[in-house]
Participant: 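Have a look at the structure that comes next, please.
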Amino acid sequence: MILHARAWVLLALGFCYAARGDEECMVPHPSNENWTLEGAELQYKLLRFYQNQGPPPLEEVFLSTQNLTTEVQEKLMGECPGLLITSFLVLAEAQLPISRRRSDEALAKEALQSYRAAAAAVASGDDRERQVHMVICHCRESLDWLQGPSFYVPKKGAAVDVFIYEKCNFETNLALSQKFRSVSRIIVDDQGMRRDECSGYLRHLIDHYQDPADYTFFFQADAEDHMHFGYLSLVLKSIEQHALTSAFVHLNYPRLITSMSPCRAEVFRQLFDRYPGRNLGSYCCAQFMVSKERLLANPLERYQRMQQMLFSDSPAECHDIPGHSTLCLMFEVYWHVLFGEPDVLPLRSENSQLQLFLRIRDLENESYLPQGSMYLKLASERE
């Protein structure tokens, strides 16, 4: 008998309900008796995830697999084994790029296929040492975060070179080289106008086009103000394990409002030789990782064109801020498009192009609303 893909997930997650009647298969929180996870909710979220219609329910999966007592585990295995089996498989896939010690099997066909695809992608990597460039645009900000305990640096399997692009001719302490293979200091002349990170990023893209690293990270000097180092460490640990297959990862968490303007559209047209879609959307503040393949997918002339545009007058459609490059402000919402992503970069939790372990929730971009449905209350009371 051949089952539809959705039926396999229903079989794994739902066959227990038919056997148990009205029982709901509740997963208790390990430390707070007031918090529970309903099996039906997890079933729904897993279905949407495996059908590329929703984000991975990572928080729910961790709750249903971690720190459970033996009594709770036995109860869940008796009432809804499919829930536990599928949850453990999602957990194993999430751990795979950063720790290969976990491996589980599952009855859910889609879950098993997804895990096998992730395992095959990880196994396809070779043992060659990965080359990593970290590009930092700097003025006078502290760079102590590079030496701090929260900033993870691969201990094996990768060689990291740091390039500090000095915007203010500041004397950076190069003692950082103890933590990295090399640290270089490059002076950038912005010619009397703020061109922010763009002049440094483009300088690196052009100067190293013939010898790009396997992975290039682009950072602001105040990197920690825009991203969580824990998320960055996941990316770096997967590189250390030779397991990163995602070609572009935006590292920041504040989300920009998706929008369009005549200036934004015209600058986009000059850069990409086409008009953008209805909107452009991304995360704030231009910090991201790009693979060598995505970097080289653009001809060198495109990076050179961007640099020339950066040091030229803005199009007539733009309204400049005195002393500040309008072009760099526009580039902020183009970087992901430049490196092969759609015009509106999906939320990372909903971005199926990212590996599972990188598809975390954007907690800072979520609204905190009261329990219940105000819409349902108001709509149902209308006559």
Participant: Tell me if the CD atom of Gln308 is crowded by more than 12 foreign heavy atoms within 6.0 Å.
Facilitator: no
Participant: Give a yes-or-no answer on whether the side chains of Gln355 and Ser238 include a donor-acceptor pair shorter than 3.5 Å.
Facilitator: no
Participant: Using only atom types and a distance under 3.5 Å, with no angle test, would you say the side chain of Glu141 pairs donor to acceptor with the backbone of Ala221?
Facilitator: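 No; judged by distance alone, with no hydrogens or angles, the pair does not exist.
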Participant: Please test Leu47 against Gln53 for side-chain contact (heavy atoms from CB on, under 4.5 Å), starting from the C-alpha separation and ending with a verdict.
Facilitator: CA-CA 8 Å; Leu47 275 170; Gln53 295 177 352; over 6 Å; no
Participant: Hydrophobic clusters here meaning ILVMFWY residues chained together by side-chain heavy-atom distances under 4.5 Å, can you tell me if Val267 and Leu329 are in one?
Facilitator: yes
Participant: Rounded to the nearest 0.5 Å, what separation is found between the CG atom of Asp190 and the SG atom of Cys328?
Facilitator: 9.0 Å
Participant: Under the 3.5 angstrom rule, does the side chain of Tyr215 hit a backbone N or O of Gln131 as a donor-acceptor pair?
Facilitator: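 Side chain of Tyr215 to backbone of Gln131: no pair is present.
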Participant: side-chain contact (heavy atoms from CB on, under 4.5 Å) with Val344: which residues, sequence neighbours excluded?
Facilitator: Arg255, Thr258, Asn279
Participant: Run Arg359 and Glu350 through salt bridge (charged side-chain N to carboxylate O under 4.0 Å, His left out) and show every step you take.
Facilitator: CA-CA 7 Å; Arg359 294 179 62 182; Glu350 299 180 357; over 6 Å; no
Participant: Using atom types as modelled and distance alone, determine if a side-chain donor or acceptor of Arg348 lies under 3.5 Å from a backbone N or O of His250.
Facilitator: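 Side chain of Arg348 to backbone of His250, a donor-acceptor pair under 3.5 Å: yes, one is there.
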Participant: Using a distance-only test with no angle check, is there a side-chain donor-acceptor pair under 3.5 angstrom linking Asp362 and Tyr253?
Facilitator: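 No, Tyr253 and Asp362 have no side-chain donor paired with an acceptor closer than 3.5 Å.
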Participant: The test is side-chain contact (heavy atoms from CB on, under 4.5 Å); show your working for Tyr283 and Phe288 and say whether it passes.
Facilitator: CA-CA 10 Å; Tyr283 291 92; Phe288 43 85; over 6 Å; no
Participant: Walk me through whether Phe248 and Trp335 qualify under ring-ring contact (aromatic ring centres under 6.0 Å, His included).
Facilitator: CA-CA 10 Å; Phe248 178 88; Trp335 292 111; 9.8 Å; no
Participant: Decide yes or no on side-chain contact (heavy atoms from CB on, under 4.5 Å) for Phe219 and Trp145, but give the supporting numbers first.
Facilitator: CA-CA 12 Å; Phe219 296 128; Trp145 52 271; 4.3 Å; yes
Participant: Drop me the distance from Leu205's CG to Phe218's CZ, to the nearest 0.5 angstrom.
Facilitator: 4.0 Å
Participant: Report the distance from atom CD of Gln43 to atom CZ of Arg48, rounding to the nearest 0.5 Å.
Facilitator: 13.5 Å
Participant: So, the side chain of His226 versus the backbone of Pro254: is there a donor-acceptor pair under 3.5 Å, distance only?
Facilitator: no
Participant: Is it true that Asp273 and Arg305 have a side-chain N and a carboxylate O under 4.0 angstrom from each other?
Facilitator: yes
Participant: Counting distance only, does the side-chain N/O of Ser87 pair as donor-acceptor with the main-chain N or O of Leu84 below 3.5 Å?
Facilitator: no
Participant: Keeping the roles fixed (side chain from Asp189, backbone from Gln191), state whether a donor-acceptor pair exists under 3.5 Å.
Facilitator: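 Yes, Asp189 side chain to Gln191 backbone: donor-acceptor pair under 3.5 Å.
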Participant: Does Arg181 come within less than 4.0 Å of Asp161, counting only side-chain N to carboxylate O?
Facilitator: yes
Participant: Taking all atoms of both residues into account, what is the closest heavy-atom pair of Ala286 and Tyr201, and its distance?
Facilitator: O-OH, 2.7 Å
Participant: Is there a path from Met134 to Val188 through hydrophobic residues (I, L, V, M, F, W, Y) whose side chains come within less than 4.5 Å of each other?
Facilitator: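 Met134 does not cluster with Val188.
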Participant: So, Glu93 and Ser114: side-chain donor and acceptor under 3.5 Å apart, yes or no?
Facilitator: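 Short answer, yes.
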Participant: Look up atom CG in Leu58 and atom CG in Leu63, then write down how far apart they are to the nearest 0.5 Å.
Facilitator: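 If I round to the nearest 0.5 Å, the distance is 12.5 Å.
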Participant: Between NE2 of His228 and CG of Leu232, what distance do you get to the nearest 0.5 Å?
Facilitator: 12.0 Å
Participant: What heavy-atom pair brings Leu46 and Pro57 nearest, and what distance separates the two atoms?
Facilitator: CD2-CG, 3.7 Å
Participant: Is Arg274 salt-bridged to Asp343, cutoff N-O under 4.0 Å?
Facilitator: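 Looking at Arg274 and Asp343, the cut-off is met.
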Participant: Does the ring center of Phe268 lie less than 6.0 Å from the ring center of Tyr334?
Facilitator: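 They qualify: ring centres under 6.0 Å apart.
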Participant: Using a 3.5 Å distance criterion without hydrogens, assess whether the side chain of Ser246 forms a donor-acceptor pair with backbone atoms of Val249.
Facilitator: no
Participant: Kindly indicate, with the supporting measurements, whether the criterion side-chain contact (heavy atoms from CB on, under 4.5 Å) is fulfilled by Ile164 and Leu143.
Facilitator: CA-CA 10 Å; Ile164 302 174; Leu143 295 179; 3.9 Å; yes
Participant: Do Gln220 and Gln287 have a side chain donor and acceptor closer than 3.5 Å?
Facilitator: no
Participant: Does the distance from a Lys or Arg side-chain N to an Asp or Glu carboxylate O, for Lys75 and Glu71, drop under 4.0 Å?
Facilitator: no
Participant: Can you establish whether the number of heavy atoms outside Arg269 located under 6.0 Å from its atom CZ is more than 12?
Facilitator: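 Atom CZ in Arg269 is crowded, with more than 12 foreign heavy atoms closer than 6.0 Å.
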Participant: According to ring pair (Phe, Tyr, Trp, His ring centres under 6.0 Å), who are the partners of Phe331, at least two apart in sequence or on a separate chain?
Facilitator: none
Participant: For Ala243 and Pro97, work out which heavy atoms get closest and say how close.
Facilitator: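 The answer is CB-O, 3.4 Å.
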Participant: Where the side chain of Arg195 meets the backbone of Ser325, is there a donor-acceptor pair that is under 3.5 Å apart?
Facilitator: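 Such a contact is absent between Arg195 side chain and Ser325 backbone.
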Participant: If the condition is ring pair (Phe, Tyr, Trp, His ring centres under 6.0 Å), which residues does Tyr165 pass it with, not counting sequence neighbours?
Facilitator: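 By the ring pair (Phe, Tyr, Trp, His ring centres under 6.0 Å) rule, Tyr165 matches His204.
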Participant: Please name the pair of heavy atoms, one in Phe357 and one in Leu234, separated by the smallest distance, quoted to 0.1 Å.
Facilitator: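 Heavy atoms of Phe357 and Leu234 come nearest at CE1-O, 3.5 Å.
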Participant: What pair of heavy atoms forms the shortest contact from Leu338 to Tyr303, and how long is it?
Facilitator: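 So the minimum-distance heavy-atom pair works out to CD2-CE2, 3.8 Å.
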Participant: Evaluate the ring planes of Phe151 and Phe229, with Trp represented by its six-membered ring, and classify them as parallel (under 30°), tilted (30 to 60°) or perpendicular (over 60°).
Facilitator: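 The rings of Phe151 and Phe229 stand perpendicular, inter-plane angle above 60°.
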Participant: For Arg128 and His242, which heavy atoms make the closest approach, and how far apart are they?
Facilitator: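 Nearest pair, atom of Arg128 first, then His242: O-CE1, 3.2 Å.
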Participant: Can a salt bridge be assigned to the pair Lys167 and Glu197 using a cut-off of 4.0 Å between side-chain N and carboxylate O?
Facilitator: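 A salt bridge is absent here (no side-chain N lies under 4.0 Å from a carboxylate O).
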Participant: Atom CD of residue position Gln307 - does it have more than 12 heavy atoms of other residues, nucleotides or ligands inside 6.0 Å?
Facilitator: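 More than 12 heavy atoms, drawn from other residues, nucleotides or ligands, come within 6.0 Å of this atom.
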Participant: Closer than 4.0 angstrom, basic N to acidic O: yes or no for Arg185 and Glu166?
Facilitator: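 Yes, this pair counts.
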Participant: Roughly how far, to the nearest 0.5 Å, is the CD1 atom of Ile136 from the CZ atom of Phe217?
Facilitator: 11.5 Å
Participant: Does Asn52 reach the main-chain N or O of Ser352 with its side chain, forming a donor-acceptor pair under 3.5 Å?
Facilitator: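 Such a contact is absent between Asn52 side chain and Ser352 backbone.
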Participant: Should Leu244 and Leu296 be regarded as members of a common hydrophobic cluster, given that ILVMFWY residues are connected when their side-chain heavy atoms come within less than 4.5 Å of each other, either directly or indirectly?
Facilitator: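 Different hydrophobic clusters.
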Participant: Just checking, any donor-acceptor pair under 3.5 angstrom between side chains of Asp214 and His133?
Facilitator: no
Participant: Do NZ/NE/NH1/NH2 and the carboxylate oxygens of Glu240 and Lys156 come within less than 4.0 Å?
Facilitator: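 Salt bridge between Glu240 and Lys156, a charged N being under 4.0 Å from a carboxylate O: no.
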